[in-house]
Protein chains: 2
Amino acid sequence: MPDITRTGTAKTETTTFREVMAEIVQRITEGPWGPGTLLPGEVELAEAFGCSRTTMNRALREVSELGFLDRKRKAGTRVRMAPIRQARFEMPVVRAEIEKTGAVYGYQLVSSAVVVAPEWLRLRMGLKARAHVVHLLCLHFADGVAFQLEDRWINAGALPQALQQDFTESGPNEWLVATVPFSEVEISFLAQAADAGMVAHLDHALGDPVFCVERATWWQNAAVTLVTLAHRRGYRMTTRY
Amino acid sequence: MPDITRTGTAKTETTTFREVMAEIVQRITEGPWGPGTLLPGEVELAEAFGCSRTTMNRALREVSELGFLDRKRKAGTRVRMAPIRQARFEMPVVRAEIEKTGAVYGYQLVSSAVVVAPEWLRLRMGLKARAHVVHLLCLHFADGVAFQLEDRWINAGALPQALQQDFTESGPNEWLVATVPFSEVEISFLAQAADAGMVAHLDHALGDPVFCVERATWWQNAAVTLVTLAHRRGYRMTTRY
DNA sequence: CAGTGGTCTAGACCACAAC
DNA sequence: TTGTGGTCTAGACCACTGG
């Protein structure tokens, strides 16, 4: 057996953990390692693949993160009976999402007000009684056609700068990500019946099914903002894996 | 903020990469490393944190995967101006989703038929003309209440066993994941108006907004199955990060 | 061209969990 | 108790890319 190890200058390319990953995935999806198979230990695999245990460990760890493997100490590495079906959606800023399709992005502030938080919002975000919030309605256009209606609440207690901010030229989202960049987020996808606001600004009839994304944001345990993004007819959020 | 530190009472004197991660994330979110900051090199950081460069590399890599950092050779490691907003949804098998809430899972086959694929399906999945498909309607219950309506098409050309399979006792999903375990998947989320089938089996009125998940699956470039999962009223798909 | 991250290695100790 | 994965280390070479 010729020496294939890393220092060799042979034509055999160095064994990288990505190659090992690829081989493992292939053995799982097409090869001999069907669902439920118990894989050999790391040491044995490393020998068989001609790499160090460290490299094999990384390969197995990453394949595991892809959802194919289940790893437990002492129990070993086992091919999952069913892969972990996890969908990963990138949530770009609306502007980027629209411009990526080649369309021209447009923005319009529909309404802006400072109000006392309604009760449902206080409960939803954990606000104090009589907390003041900024309530915004904004429209995002793709090539002049309404694409998304943004209904946003900003907690003025946590973010008093929002009271002074001017949202007539650019949306609150872009201002927020620059101001409160890293925060805890809860995202929901849901189907909603079109209300008057959506009918007025999007191409919907009253009661039409509307695909909505709701995003609540906290920063250092304080509620920052809650936003509902209503999309135009036929919108779908898609991903592959 | 996700809990990065190891669960349990790790008391080791050695600096683990999770601790390093936690510290880095804290410096980014609350500390001195605001958006745009250029971090010191790995070697310098490793010294400062009292760990090896390998460990620091792993910590930085994982923080980077969380979406906080942007790493480039020669350019160095920089704090992102805006975090990568990505939502990650786990898509459990319905049974698991229902049983996780403590409810009792129930299943019922509504209808089953072998038909020639309609044109829209042929186009959607890339099937040959006159391809035969199995068309199933199934119901999933939580504590006896209809939870999800499954409208599934299976390509009999790619999966002839489906023609013999009996789906009266358990759903096609569980059979499929055991038969075609790892495949390429396209998932869409959308809002649909309730049709007659949904009205008949779920608690919907005609035209009600229904949250649907559509999943198309291929295996080795052959279309396997297309399924639409219609959910009951008020269903939301939620995730935190 | 040179600096930074990307990765590999060999060896070691440890934590968890199955037996 | 013991086997398996989890992780750390020190040192090394390499690949990409900014200046």
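Residue numbers begin at 1 in each chain, while the letters A, B, ... track the order of the sequences. Just so it is clear, the structure is predicted and the values come from calculations on it, not from any experiment.
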Salt bridge present between Arg215(A) and Glu186(A) (N-O < 4.0 angstrom): no
Whole-Å distance separating the CD atom of Glu44(A) from the C1' atom of dG5(D): 15 Å
Partner set under salt bridge (Lys or Arg N to Asp or Glu O under 4.0 Å) for Glu65(A), not counting sequence neighbours: none
Interatomic distance where CG belongs to Asn57(B) and C1' belongs to dT7(D) [whole Å]: 14 Å
Pairing residues for Arg58(A) by the salt bridge (Lys or Arg N to Asp or Glu O under 4.0 Å) criterion, not counting sequence neighbours: Glu62(A)
Below 4.0 Å: OP1/OP2 of dG6(C) and any side-chain N or O of Arg18(A): no
Minimum-distance nucleotide (side-chain atoms of Lys74(A) versus dT2(D), dT7(C), dT7(D)): dT2(D)
Among dG5(D), dG5(C), dC8(D), the one nearest Glu42(A) by side-chain distance: dG5(D)
Side chains of Val63(B) and Ile28(B) in contact at under 4.5 Å (non-hydrogen atoms): yes
Spacing of Arg61(B) atom CZ relative to dC8(C) atom C1', expressed in whole Å: 12 Å
Distance test, side-chain N/O of Thr55(B) to OP1/OP2 of dT9(D), below 4.0 Å: yes
Nearest-Å distance for atom pair CG/C1', residues Leu45(B) and dT4(C): 12 Å
Pairwise 5' ranking along DNA chain D for Arg58(B) and Gly76(A), keeping only the more 5' one: Gly76(A)
Sidechain N-carboxylate O distance under 4.0 Å for Asp70(B), Arg80(B): yes
hbond_proxy Arg73(B) side chain to dA15(D) base (donor-acceptor, 3.5 Å cutoff): yes
Arg71(B) vs dG6(C): side-chain N/O to OP1/OP2 distance below 4.0 Å: yes
Rounded distance (Å) that lies between atom C1' of dA17(C) and atom CZ of Arg78(A): 14 Å
Sub-6.0 Å ring centroid separation between Tyr107(B) and His140(B): yes
With the criterion being N/O to N/O and under 3.5 Å, what pairs connect the protein with nucleotides 10-12 of chain D, and how long is each?
unit_1: dA10(D); atom_1: N6; unit_2: Thr54(B); atom_2: OG1; d: 3.0
unit_1: dA12(D); atom_1: N6; unit_2: Arg53(B); atom_2: NH1; d: 3.0

Between C1' of dG5(C) and CG of Leu69(B), the distance in whole Å: 13 Å
Electrostatic pair Glu214(B):Arg124(B) at N-O distance under 4.0 angstrom: yes
Protein-nucleotide distance (Glu19(B), atom CD; dT7(D), atom C1'), rounded to Å: 12 Å
Distance, rounded to the nearest Å, where Leu38(B) contributes CG and dT4(C) contributes C1': 10 Å
